[in-house]
2 protein chains.
Amino acid sequence: MKISQGVEWGLHCATLLALAPPDRVVRRDRLAAHYGLPEAYLAKHLQAMARAGVLHAVPGPRGGYRLGREAARITVLDVVEAVEGSTPPFLCQEIRQRGTGALPPDQCRRPCAIHATMTAADQAWRASLRTVTIADLVARLPAGVRERNEKIVS
Amino acid sequence: MKISQGVEWGLHCATLLALAPPDRVVRRDRLAAHYGLPEAYLAKHLQAMARAGVLHAVPGPRGGYRLGREAARITVLDVVEAVEGSTPPFLCQEIRQRGTGALPPDQCRRPCAIHATMTAADQAWRASLRTVTIADLVARLPAGVRERNEKIVS
DNA sequence: CCAATCGTGGACAACAAATATCCGCGATAG
DNA sequence: CTATCGCGGATATTTGTTGTCCACGATTGG
């Protein structure tokens, strides 16, 4: 089980964009250079975030990205789901219905206890990520770092 | 982000083994056939669980597997970590220290807020999985299924 | 209107991880 | 001593992640 690095990239970029003035956009190559990331691949994640409404993309000369809504209304979970997709990490294969011990389908109306347990854990994980917003991430930046990055994106 | 199917296999097998009389072992091919799983690959996961102490393996004729300790003292998290390993799902790449916006190492003593958020969510996930034991999974089996499987492994 | 800029999205390649199989080894019961 | 059964290393196969490239559309400024 592994979380793609695109999540980290997306969260750092969103945090940086949150420091820009409201209508200011930041070019993709700026974002990539700022964190030393491959621009073409970062583009994929930024596009996914834009499709999810987390970011807003502006085409044409003077184009770039800005946040899709206020930083306080974008949760970390929003970014994670935008980048990773929202398919649940545990996919029940229903092996209780296979093999020599297979159960008849009518005994399998409810999800098995294993499935339920994994789902509950996943919901706990998501709930935890939902409690933190991009605004919170900004607030937790060291003051010096915040000022410095603010200057860069303005 | 995806949880390997070996976790599901391991949990179902552990639940089945919990139904066997205390000193009874179940052969690997029985477990595989019961759930319709590829025996050679299932073996990998069972071995990992045995190494972690979740299962106990008995070699030789009349050999097989039994639980490594009482079902009430094996949590779902134990099985998940035995099968998946315990490397955290989020690996911080410290991109704040790379690129044109790189921060000096002395500004990066503490993990960044993103790292902390992902770690907290991971701990919530683990805590949730720790609240459920193999004994709980057995208790949640429909009565008919429990009796039937008990007969099979005794 | 034209040309340069910039994001979009599809195709594609390289690489890593999960999935799956096989076989020789050691342990052990009978 | 031999047949059984788990162990673990070597090795394919498939899938997913990571990363690149390019033709396209939108937009700005001359």
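Heavy-atom basis, side chains included; hydrogens, waters and symmetry copies ignored. If you're wondering where the values come from, they're calculated on a predicted model, not measured in any experiment. Chain letters run A, B, ... following the sequence lines, proteins first and then strands; every chain starts at 1.
Distances shorter than 4.0 Å separate some side-chain N or O of Arg51(B) from OP1 or OP2 on dG8(D). In this structure, Ser4(B) reaches the dT19(C) phosphate: one of its side-chain N or O atoms is under 4.0 Å from OP1 or OP2. At dA20(C), one or more side-chain N or O atoms of Gln5(B) fall inside 4.0 Å of OP1 or OP2 (strictly under the cut-off). For the OP1/OP2 pair of dT19(C) and a distance below 4.0 Å, the side-chain nitrogens and oxygens of Lys2(B) include at least one atom meeting the criterion. Between Tyr41(B) and dT11(D) there is no side-chain N or O to OP1 or OP2 distance below 4.0 Å.
Using a 4.0 Å cut-off on heavy atoms, the residues of residues 8-28 of chain B that approach DNA chain D are Arg27(B), Arg28(B), listed by number.
Nearest to the side-chain atoms of Pro38(A) among the listed nucleotides dT8(C), dT20(D), dG8(D) stands dT20(D).
Annotation: of the two residues near DNA chain C, Pro61(A) and Leu46(A), the 5′-most nearest-nucleotide partner is Pro61(A). Summary of the strand contacts: Gln47(B) and Ala40(A) both lie near DNA chain D, and taking for each the nucleotide with the nearest heavy atom, the more 5' one is attributed to Gln47(B).
Using the six-membered ring where Trp is involved, His12(B) and Tyr35(B) have ring planes that are tilted, between 30° and 60° apart. Ring orientation note: the planes of His45(B) and Trp9(B) are nearly perpendicular, at an angle over 60° on the 30°/60° scale.
To the nearest 0.5 Å, atom CZ of residue Arg51(A) and atom CG of residue Leu55(A) are 11.5 Å apart.
The interatomic distance linking His45(B) (NE2) with dG6(D) (P) rounds to 16 Å, in whole Å. Rounded to whole Å, atom C1' of dG6(D) lies 11 Å from atom CG of Asp29(B).
The existence of a salt bridge linking Arg126(B) and Asp122(B) is confirmed by a sub-4.0 Å separation between a basic side-chain nitrogen and an acidic carboxylate oxygen. The pair Glu150(B)-Arg146(B) meets the salt-bridge criterion, since a charged nitrogen lies less than 4.0 angstrom from a carboxylate oxygen.
Side-chain atoms of Arg98(A) come within 3.5 Å of backbone atoms of Gly36(B) as a donor-acceptor pair (strictly under, hydrogens ignored).
Counting any heavy atom pair closer than 4.0 Å across all strands shown, Ala57(B) reaches sugar-phosphate atoms only and no base atom.
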